[in-house]
Amino acid sequence: MRHRFTILLALAFACAVPAAQRRADPPPVLILISFDGWRADYFDRVPSPNLHALAERGVHAKGLIPSFPALTFPNHYTLVTGQYPAHHGIIANTMRDPAMPERFSMSAETAQDPAWWNAEPLWVTAIRQGRRAATMFWPGSEVAIGGVRPTYWKPYDKTFLTADRVAQALAWLALPEAERPSFLSVYFDEVDTAGHDFGVASPELVAAAAHLDDALGQLVAGVRHLGLEDHTSIVVVSDHGMAPLSYDRVVYLDTLIDLSTVDLTEFGGLLFATPRDGDVDALYRRLHGKHPSLAIYKREQLPSRLHFRDNPRIPPIIGIPDDGWSVTSGQRLAEKELNAGAHGYDPANRNMQALFVAAGPTLRRGLLVPAFENVHVYELLCKLLHITPVKNDGRASETRGFFR
Ligand code: AMP
Ligand code: ZN
Ligand code: ZN
């Protein structure tokens with residue numbers, strides 16, 4: 001009798017103690033996946049059963065509106081900082097800063113200098129708050145930002161196979177709990193490359209998308225196999241969309257200006273130009289209003305909705321071509337034929353809209369939401385990871401309705 005009473009007492013006590021104190025709950029796991037250049041409408045256009053399955057048990061946005069300019073480095077860094085490019089400092093894939101000795105190029109050693117990266121990315125915040133973070137590639141992840149690198153990371157290598165990226169990501173998740181990362185990014189470039197080289201309607205694009213969808217399926221299955229599903233959230237995003245190009249939509253810059261007189265840091269789906277002689281007004285007069293499909297602005301005249309003015313890295317002359325138009329030159333086209341697709345344009349173009357699908361134990365199931373701006377993704381990621389966000393341009397209220 002006394003024995004039974006002791007058991008009852010022990011049971012009553014156990015029920016009164018919160019679950020977290022009985023056995024420490026494992027920290028939530030967040031996997032952030034980027035399908036570079038996956039345009040919003042590919043979701044409905046290309047077979048992607050694993051992405052659809054994730055959307056069915058989570059939240060799918062009709063589009064994710066990139067920040068201007070709709071380029072890879074600026075938008076990947078916005079996704080993990082919640083800041084507009086003019087605020088986080090990565091205003092383009094290629095740029096100059098009057099205070100820096102060399103120009104930044106995403107594919108060069110110069111990109112490794114932490115002085116370019118002026119905002120704290122999610123993985124650094126997570127580490128500062130006692131978590132481990134792993135990056136299977138992400139722009140900025142190879143840089144010691146604020147002196148902190150991801151706990152586990154790899155130097156970027158485009159030839160590192162998709163299957164190997166998946167295997168490495170799962171190997172990190174398979175580490176014992178005391179070493180396992182709670183934040184993990186996984187980056188894939190195949191769809192962007194196919195969009196540029198073969199176009200948005202090409203069989204190559206469909207094949208690349210199917211390949212990435214497979215990779216997602218393997219990641220999801222791996223998480224389940226490791227028994228992590230109950231406390232893992234998976235967020236799949238892209239950085240921008242893709243516009244089809246045509247030789248019928250080309251602005252020949254060399255018919256308007258002498259190209260040797262300007263420093264062009266971006267061209268194609270955008271024009272970033274600095275006059276070598278410093279005469280901004282003269283360059284503006286030579287370009288402004290000279291082509292009906294190329295809007296030319298001085299930096300300070302850019303529409304405020306683009307949030308792209310107050311940073312000395314922004315060149316003094318910006319050209320924004322109409323959707324699907326290319327800013328290039330006769331010489332460039334003689335050296336290399338026009339790509340099939342480009343991005344960079346005004347994010348208001350439907351073709352620039354990106355991907356957002358997220359599922360996890362705290363997210364609603366089967367929810368379809370309208371397109372929203374990608375500065376708001378960071379607050380959502382911090383909430384999924386249970387960490388305190390640092391100051392940023394996004395608002396948690398924008399994604400509050402995504403939660404149960
Ligand atoms: P974009 O020119 O904006 O289309 O950039 C896309 C390219 O960025 C892809 O082809 C990738 O190979 C490249 N890329 C992505 N992440 C990195 C990185 N961390 N370092 C260097 N290049 C990268
Ligand atoms: Zn990209
Ligand atoms: Zn691209």
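For ligands, and for the atoms within them, numbers begin at 1 and follow the listed sequence.
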Q) Hey, what's the ring geometry for Y187 with W138, parallel, tilted or perpendicular (30° and 60° as the breaks)? A) perpendicular
Q) Between K154 and E142, does a side-chain contact (heavy atoms from CB on, under 4.5 Å) hold up when you go through it step by step? A) CA-CA 7 Å; K154 292 266 170 205; E142 301 137 300; over 6 Å; no
Q. Aromatic rings Y284 and H288: how do their planes relate, parallel, tilted or perpendicular, breaks at 30° and 60°?
A. parallel
Q) Which N, O or S atoms belonging to the protein are less than 2.8 Å from the Zn ion (ligand 3)? A) D192 OD1, D192 OD2, H196 NE2, H343 NE2
Q) Which atoms of ligand 1 sit under 4.0 Å from any heavy atom of M106? A) 2 (O), 5 (O), 7 (C), 8 (O), 20 (N), 21 (C)
Q: Please answer whether the main-chain N or O of P27 pairs with a side-chain N or O of S182 as donor and acceptor at a distance below 3.5 Å.
A: no
(Q) Holding to side chain to side chain contact (heavy atoms under 4.5 Å, CB included), I want the full list of residues that pass it with P275, two or more places apart in sequence or in another chain. (A) D277, V280, L283, P316
Q | Cation-pi check, R332 onto F267 ring (under 6.0 Å, within 45° of axis) | A | yes
Q: Please work out which of the three classes, parallel, tilted or perpendicular, describes the rings of W172 and Y152, given edges at 30° and 60°.
A: parallel
Q) For the residue pair H307 and Y84, does the interplanar ring angle fall in the parallel (under 30°), tilted (30 to 60°) or perpendicular (over 60°) class? A) parallel
Q | Closest protein heavy atom to atom 19 (N) of ligand 1, given as residue, atom name and distance to 0.1 Å | A | E142 OE1, 3.4 Å
Q. Relative to the heavy atoms of D192, which atoms of ligand 1 are at a distance of less than 4.0 Å?
A. 4 (O), 6 (C)
Q. Is D189 close enough to the Zn ion (ligand 2) to have an N, O or S atom under 2.8 Å?
A. no
(Q) Using a 4.0 Å cutoff against the non-hydrogen atoms of H343, which atoms of ligand 1 qualify? (A) 1 (P), 3 (O), 4 (O)
**Q.** Residue, atom name and distance, where the atom is the protein heavy atom closest to atom 23 (C) of ligand 1
**A.** Y156 CE2, 3.4 Å
Q.
Is the ring pair F104/W116 parallel, tilted or perpendicular, if the boundaries are 30 and 60 degrees?
A. perpendicular
Q) What are the two closest non-hydrogen atoms of P303 and R309, and how far apart are they? A) C-NH2, 4.0 Å
Q. Which residue owns the protein heavy atom closest to atom 9 (C) of ligand 1, what's the atom, and how far is it?
A. Y187 OH, 3.6 Å
Q) Is the distance between the ring centroids of F137 and F160 under 6.0 Å? A) yes
Q: Select one of side chain, backbone, both or neither to describe which atoms of H196 lie under 4.0 Å from any atom of ligand 1, heavy atoms only.
A: side chain
Q: Identify, for atom 1 (P) of ligand 1, the protein heavy atom at the shortest distance, and state residue, atom and that distance.
A: T72 OG1, 3.2 Å
(Q) Test of understanding: given a 4.0 Å heavy-atom threshold, classify the contact between K158 and ligand 1 as side chain, backbone, both, or neither. (A) side chain
(Q) What is the name of the N/O/S atom of D239 that is nearest to the Zn ion (ligand 2)? (A) OD2
